[in-house]
2 protein chains.
Amino acid sequence: MKKTILIYGLSLAALIMLLKVLQYKYMLMDLSIEVYIGVIAALFTITGVWAGSKLISPKIKTVVVETLSTPFIINEEAVKSTGLSQRELEVLQLMAAGFSNQEIADKIFVSVSTVKSHAAGIFLKLDAKRRTQAILKAKELKIIG
Amino acid sequence: MKKTILIYGLSLAALIMLLKVLQYKYMLMDLSIEVYIGVIAALFTITGVWAGSKLISPKIKTVVVETLSTPFIINEEAVKSTGLSQRELEVLQLMAAGFSNQEIADKIFVSVSTVKSHAAGIFLKLDAKRRTQAILKAKELKIIG
DNA sequence: GAATGATTCGTCCTAAAGTATGAATGCTTT
DNA sequence: AAAGCATTCATACTTTAGGACGAATCATTC
C-alpha cells in the first residue's frame with residue numbers, strides 16, 4: 001500500500017516536470033485548454049481506477065474447511081483432560097443442539113439453576129466465555145459430535 | 001452504469017466550463033501550473049477510484065483451507081435458497097466462530113444495532129430461535145464450514 | 001468419620017441476546 | 001420516477017445468559 005502511494009506521488013511529480021519542459025519547449029499552453037484538461041483528467045481517472053483496485057480490499061472470504069468422512073468417535077481422553085463431569089457433558093451436548101437453558105432443564109428434569117451451574121462449570125473447564133464458544137471448543141476437541 | 005458514465009461526462013464538461021470562466025475572470029493561468037495540475041489530478045483520481053469501484057466487479061477472495069478427506073464446499077445453492085444476504089452470511093460465520101454481537105460489530109466495523117438487525121434476519125431466514133440453533137442449521141445446510 | 005466431588009437448587013445482580021419498530025441511504029431494477 | 005432490497009443505525013423493551021455467592025444431599029474415598 002505504501003509502495004502504491006509512493007509510485008503515485010512520483011508519477012505525479014514526473015508528469016509535472018514533463019509538462020514544465022514541454023511548456024518551455026513547445027509552448028504547450030497554446031493547445032486548447034479543453035484538450036489539456038481532458039488529457040490530465042483521463043490520465044488520472046485511469047490512475048484512480050488502478051489505485052482503487054489496488055487499495056480496495058477483497059470483500060468475501062469463503063473459508064473451505066475439511067469434513068471428516070470417518071465415523072465420529074467421542075474422544076474419551078479429551079473429555080478426561082477437560083475434567084468435564086457426566087452431567088456437564090450432557091448439558092454441553094444439548095447446548096450444541098441449540099436448546100436454551102430452560103429447554104435443557106425440562107429435558108433432563110432439573111431446574112434452570114442447575115443447568116446454569118453446569119454451564120458455569122463447562123465454561124470454566126473449556127475456557128469459554130459464551131456457549132457458542134464452548135460448543136466450538138468442544139467440537140474441536142471432539143468431545144461432542 | 002449508463003448513469004454513472006453520464007454523470008462522469010457531465011462533471012468533466014462542467015469543470016471545463018468552470019475553468020474557462022475562471023480563466024477569463026481571474027486569470028487562472030497565473031496560478032502555478034503545479035497547483036493547477038495537482039488539483040485536477042487529485043479530483044480525477046478520486047473520481048477514478050469512485051468510478052472504478054462502481055464499474056469493476058467486486059473482488060472475491062476465496063481462501064481454501066485444507067481438504068483432508070471429503071472436500072467441503074460451501075453450498076451456494078443452499079445459501080440462495082435461504083435468501084441470506086452477503087452481510088448476514090458474514091455475521092453468521094462470526095457467530096459460529098463464537099463471537100458476541102459486540103465483537104462481531106467491532107470486527108466488521110458496524111454498530112451492535114446493525115449486528116442485531118442482521119441476526120434477526122438470520123433467525124428469520126433459518127427459522128431459528130437462538131444463535132446456537134442458527135449455527136446448527138447453517139452447518140446442516142453446509143452454508144458455513 | 002471427615003474430606004471430596006458430583007449433583008442439585010436458590011437468590012441477587014449484571015451483561016448479553018433477542019424483539020419490535022421506525023427510519024435513512026444507496027443501489028438495482030422495472 | 002418508483003418500487004424493492006441491502007445496509008445501516010437508533011430506541012425501547014423483554015428475555016435469556018452468565019457471574020457470584022451460598023447451601024443441601026449423596027456417594028465415594030481417604
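Predicted, not measured: the structure shown is a model, and the values here were computed from it. Below, read A as the first sequence line, B as the second, and so on, with proteins coming before strands; counting in each chain starts at 1.
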Rounded to whole Å, how long is the line connecting atom [atom1] of [X] with atom [atom2] of [N]?
{"X": "Arg87(A)", "N": "dT7(C)", "atom1": "CZ", "atom2": "C1'", "value": "8 Å"}
{"X": "Leu89(A)", "N": "dT7(C)", "atom1": "CG", "atom2": "P", "value": "10 Å"}
{"X": "Leu124(B)", "N": "dA20(C)", "atom1": "CG", "atom2": "C1'", "value": "13 Å"}

Hey, could you give me the [atom1]/[atom2] distance between [X] and [Y], rounded to the nearest 0.5 Å?
{"X": "Lys129(A)", "Y": "Phe99(B)", "atom1": "NZ", "atom2": "CZ", "result": "9.5 Å"}
{"X": "Ile135(A)", "Y": "Ile144(A)", "atom1": "CD1", "atom2": "CD1", "result": "6.5 Å"}
{"X": "Met95(A)", "Y": "Thr132(B)", "atom1": "CE", "atom2": "OG1", "result": "9.0 Å"}

Considering residues at least two apart in sequence or located in another chain, which fulfil the side-chain hydrogen bond (donor to acceptor under 3.5 Å, both in side chains) criterion with Gln133(B)? none
Would you say Arg130(B) reaches dA17(C)'s phosphate, i.e. side-chain N/O to OP1/OP2 under 4.0 Å? no
Residues in residues 101-123 of chain B with a heavy atom under 4.0 Å of DNA chain C, by number, are Asn101(B), Lys116(B), Phe123(B)
For Leu126(A), give me all partners under side-chain contact (heavy atoms from CB on, under 4.5 Å), at least two apart in sequence or on another chain.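 Leu126(A): side-chain contact (heavy atoms from CB on, under 4.5 Å) contacts with Thr82(A), Leu84(A), Leu92(A), Ile122(A), Ala134(A), Ala138(A), Leu141(A), Ile143(A).
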Under a criterion of less than 4.0 angstrom to any heavy atom of chain A, what are the 5'-terminal and 3'-terminal contacting nucleotides of DNA chain D?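 First-to-last contact on DNA chain D, by the 4.0 Å heavy-atom rule, is dA17(D) to dG19(D).
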According to the salt bridge (Lys or Arg N to Asp or Glu O under 4.0 Å) rule, which pairs have a member within residues 83-100 of chain A, sequence neighbours left out? Arg87(A)-Glu90(A), Glu88(A)-Lys125(A)
Only pairs at least two apart or in different chains count here, so list each salt bridge (Lys or Arg N to Asp or Glu O under 4.0 Å) that has a residue in residues 96-105 of chain B.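 Residue pairs with at least one partner in residues 96-105 of chain B: Arg130(A)-Glu103(B).
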Identify whether Val110(B) and Phe123(B) are in the same connected component of the hydrophobic contact network (ILVMFWY, side-chain heavy atoms under 4.5 Å).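 Shared cluster, yes.
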Do Val112(B) and Leu94(B) belong to the same hydrophobic cluster, where Ile, Leu, Val, Met, Phe, Trp and Tyr are linked whenever their side-chain heavy atoms lie under 4.5 Å apart, directly or via other members?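 The answer is no; the residues belong to distinct hydrophobic clusters.
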Does anything in residues 114-123 of chain B pair up under side chain to side chain donor-acceptor pair (under 3.5 Å), and if so which pairs, sequence neighbours excluded?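 Every pair satisfying side chain to side chain donor-acceptor pair (under 3.5 Å) with a residue in residues 114-123 of chain B: Ser111(B)-Thr114(B).
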For the helix from dG1(C)-dC30(D) to dT30(C)-dA1(D), how many degrees between its two end axes (five pairs per end), to the nearest 10°?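 It works out to 40° between the end axes.
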